[in-house]
Asks: 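Here it is, the structure in full.
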Amino acid sequence: MKPWYITTAIDYANGDPHLGHALEKIGADAIARWHRLQGTPVRFLMGMDEHGQKVFQSAQAAGMSPQAWVDGISTHFEQTWLSLHCAHDDWMRTTEPRHAAGVQALLERIRERHPEDLFVGEYEGLYCVGCEEFKQEGQLVDGRCPEHPSRELVRTKEKNTFFRLSAYRDRVLALVEANDAFRVEPQIRRNEILSTLREGLQDISISRARLPWGIPFPGTDDETVYVWFDALINYLSATGYPEAGWDAIWPADLHVVGKGITRFHCIIWPAMLLAADLPLPKAIWAHGYVQWGGAKVSKSEGSSVTIAEGAERHGADALRWFLLREVGFENDGDFTFERFDAVYESELANGLGNLASRVLAMIEKYRGGMVPTATPAALPVADAAVDAYAAAMDANDLKGAAKLVVDVVTEANGHITVAAPWALAKGGQEAELDVVLVTLATTLLRLSVMTFPFMPEKATALWNALGQDGTPAAAWTNAKRPAVGGASVRKPENLFPRRES
RNA sequence: GGCAGGGUAGCUCAGCUGGUUAGAGCACGGCACUCAUAAUGCCGGGGUCGCGGGUUCGAGUCCCGCCCCUGCUACCA
């Protein structure tokens, strides 16, 4: 059975991972876990983009070989994602031989199927000797390189191989308009892509002369593949392409990317695949950015919170929860410690954590730790939340799904007040008390399943506290029809301890 | 400049095709309860709905103008 194949953008090996990267990986991980929750085999790809001018320069500046430089960065990124409980199945690095093989095979395939789409042309631009790279008009300040204002820019010509992107404009436009086999989401991003396509496309240069740090361009002496063209292909090369078996994984079901790189994923990448006569990914999801006190967090130089600081505050799962619940996976959102602390305390410590604590304590106190086998009472919000949650997760509405979790917690707390189990115990109303306790335990079981994609460690702790073995990783049927009657519970350490202060 | 999306309580946001006193969560104040992580539940204070016109019996919700914010308009990655 073909796995459900999800990818994140590969990060450029030229700096440290920051919260902006983290949102993407965590969101994609939550989506991957949601599919696994339903028993679907999933393949989750993450990785690193390790070629290009800037990497080469950074390595030189650090006095290292490019490979040693990217080796260190790759390890650092992967460890960071693992520490945030992102459970990828494959870690692709564009400096791996399997990737170079995929890139060259794809180029050769395009040349074979549509030879007219690859042609030699001349690239002309303003070259800064200080930076050793071409500058765009928009990058210039007073007609000079902002990094080296004392140097003259040199108008230079370079022979490059071009990809006839313009030839695919109509087909890509039709696909994006149809929004069926190839979907661009959310809609605001789709609209941007549509307007870009309607304005028309230019052919793009896809090779670089004089840059040794890259994949050799097939059929040339000294050219390397332009880093973006190379990078996009990682999604395909990670399937093993062109080795047998790649089509058991490809096409991707979802590429998760940042809103800043939709042009590459929604226009260039499908055009490349069309040129190669290969299937297109089913969907692209472009998330927004994390801001730090209203300012951009990405690309800045440590002026904002680090991932380590964020994870240390209340734990990795709490950081995951906050990013998906408060920042969100569609629009931009703000990260502040004030907000993080407030959400942690109200929703996790006082909300979910305290609910688990009081319910488990009552089951221990009134029933010796055994969940009664009575039939649970209906809780309208919780019962409806299961389907609503599934719909939200299917739509990548992680914020909405998280809100449903909070709604269920709120309803359960209200139910306790109304049912007053302590009064039932005092009055000897044993049957009624059984119903209340099994209803609450059932709700907790549901919550442990629903929170698993967001907070896998905490969800598992709750699952185990309810006497369940293993993890809720594939337990969606238990959310729909939870059965905990007869289970032996044990109250765990506080799931979400309040902060000492 | 063009295109797109926004500007609603201290903060984060809901408000569909215009209609009774503009809503939620957090924060804040009061009350209740005791199973619980001094948690929870109930009640309450708090808003010129960016600004100015207009249409209408009636506009946060439609039209015009203006101000402000964000993104896309780049072969940077």
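Order of the sequence lines fixes the chain letters, A, B, ..., with proteins taken first and strands second; residue numbering starts at 1 for each chain.
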Asks: OP1 or OP2 of B:C75 sitting under 4.0 Å from any side-chain N/O of A:R263?
Replies: yes
Asks: Report yes if a side-chain nitrogen or oxygen of A:Y12 is closer than 4.0 Å to either non-bridging phosphate oxygen (OP1 or OP2) of B:C76; otherwise report no.
Replies: no
Asks: Do any pairs count as a salt bridge (charged side-chain N to carboxylate O under 4.0 Å, His left out) and have a residue in residues 14-25 of chain A, sequence neighbours left out, and if so which ones?
Replies: A:D11-A:K25
Asks: Testing A:E223, A:K159, A:E158 for side chain to side chain donor-acceptor pair (under 3.5 Å) with A:S207, which one passes?
Replies: A:E223
Asks: Would you say the ring centers of A:H265 and A:Y235 fall short of 6.0 Å from each other?
Replies: yes
Asks: Please give, in whole Å, the distance from B:U73 C1' to A:I267 CD1?
Replies: 11 Å
Asks: Find the distance A:E158:CD to B:C75:P and express it as a whole number of Å.
Replies: 16 Å
Asks: Salt bridge check: are A:E457 and A:R320 linked by an N-O gap of less than 4.0 Å?
Replies: no
Asks: Do the side chains of A:E430 and A:R367 get close enough for a salt bridge, i.e. N-O under 4.0 angstrom?
Replies: yes
Asks: Between B:C76 and A:K54, counting only base atoms on the nucleotide and side-chain atoms on the residue, is there a donor-acceptor pair under 3.5 Å?
Replies: yes
Asks: Please set out all donor-acceptor pairs under 3.5 angstrom arising from side-chain atoms of residues 349-358 of chain A, sequence neighbours excluded.
Replies:
unit_1: A:N350; atom_1: OD1; unit_2: A:R498; atom_2: NH1; d: 2.6
unit_1: A:S357; atom_1: OG; unit_2: A:K491; atom_2: NZ; d: 3.2
unit_1: A:R358; atom_1: NH1; unit_2: A:N413; atom_2: OD1; d: 2.7

Asks: With heavy atoms under 4.0 Å as the rule, sort A:E338 into base, sugar-phosphate or nothing.
Replies: nothing
Asks: Heavy atoms only, 4.0 Å cut-off, all strands: where does A:R189 land among base, sugar-phosphate and nothing?
Replies: sugar-phosphate
Asks: If the sugar-phosphate is the primed atoms plus P, OP1 and OP2 and the base is the rest, what is the B/S/- string for nucleotides 36-46 of chain B, using protein heavy atoms under 4.0 Å?
Replies: BB-SSS-----
Asks: Is there a side-chain contact between A:W91 and A:R93, using heavy atoms and a 4.5 Å cut-off?
Replies: yes
Asks: Report the distance from atom CH2 of A:W422 to atom P of B:U34, rounded to the nearest whole Å.
Replies: 7 Å
Asks: Output the single nucleotide from B:C26, B:G71, B:C72 whose closest atom is nearest the side chain of A:K259.
Replies: B:G71
Asks: To the nearest Å, how far apart are A:F340 CZ and B:A27 P?
Replies: 16 Å
Asks: Any protein N or O atoms within reach of nucleotides 1-8 of chain B? Criterion: under 3.5 Å, listing atom names and distances.
Replies:
none

Asks: Write down the distance separating the C1' atoms in B:G6 and B:G50, rounded off to the nearest Å.
Replies: 11 Å
Asks: Distance check, P atoms only: B:G65 and B:A22, in whole angstrom units.
Replies: 30 Å
Asks: For RNA chain B, whose closest nucleotide is more 5', that of A:T262 or that of A:S205?
Replies: A:T262
Asks: So, for A:F77 and A:H21, is the gap between ring centers shorter than 6.0 Å?
Replies: yes
Asks: With pairs taken as Watson-Crick or G-U wobble and both distances under 3.5 angstrom, which stems of at least three consecutive pairs involve RNA chain B?
Replies: B:1-7 with B:67-73, B:10-13 with B:23-26, B:28-32 with B:40-44, B:50-54 with B:62-66
Asks: For A:D117, what residues pass the salt bridge (Lys or Arg N to Asp or Glu O under 4.0 Å) criterion, not counting sequence neighbours?
Replies: none
Asks: Assign the ring pair A:H255 / A:W269 to parallel, tilted or perpendicular, where the plane angle (0 to 90°) is split at 30° and 60°.
Replies: tilted
Asks: Report which part of the nucleic acid A:D203 touches: base, sugar-phosphate, or nothing (heavy-atom distance under 4.0 Å, all strands).
Replies: nothing
Asks: Taking NZ from A:K399 and P from B:A24, how many angstroms apart are they, rounded to a whole number?
Replies: 19 Å
Asks: 5'-most contact on RNA chain B: A:Y366 or A:I261, nearest heavy atom basis?
Replies: A:Y366
Asks: Using the benzene-type ring in the case of Trp, are the ring centres of A:H314 and A:F340 under 6.0 Å apart?
Replies: yes
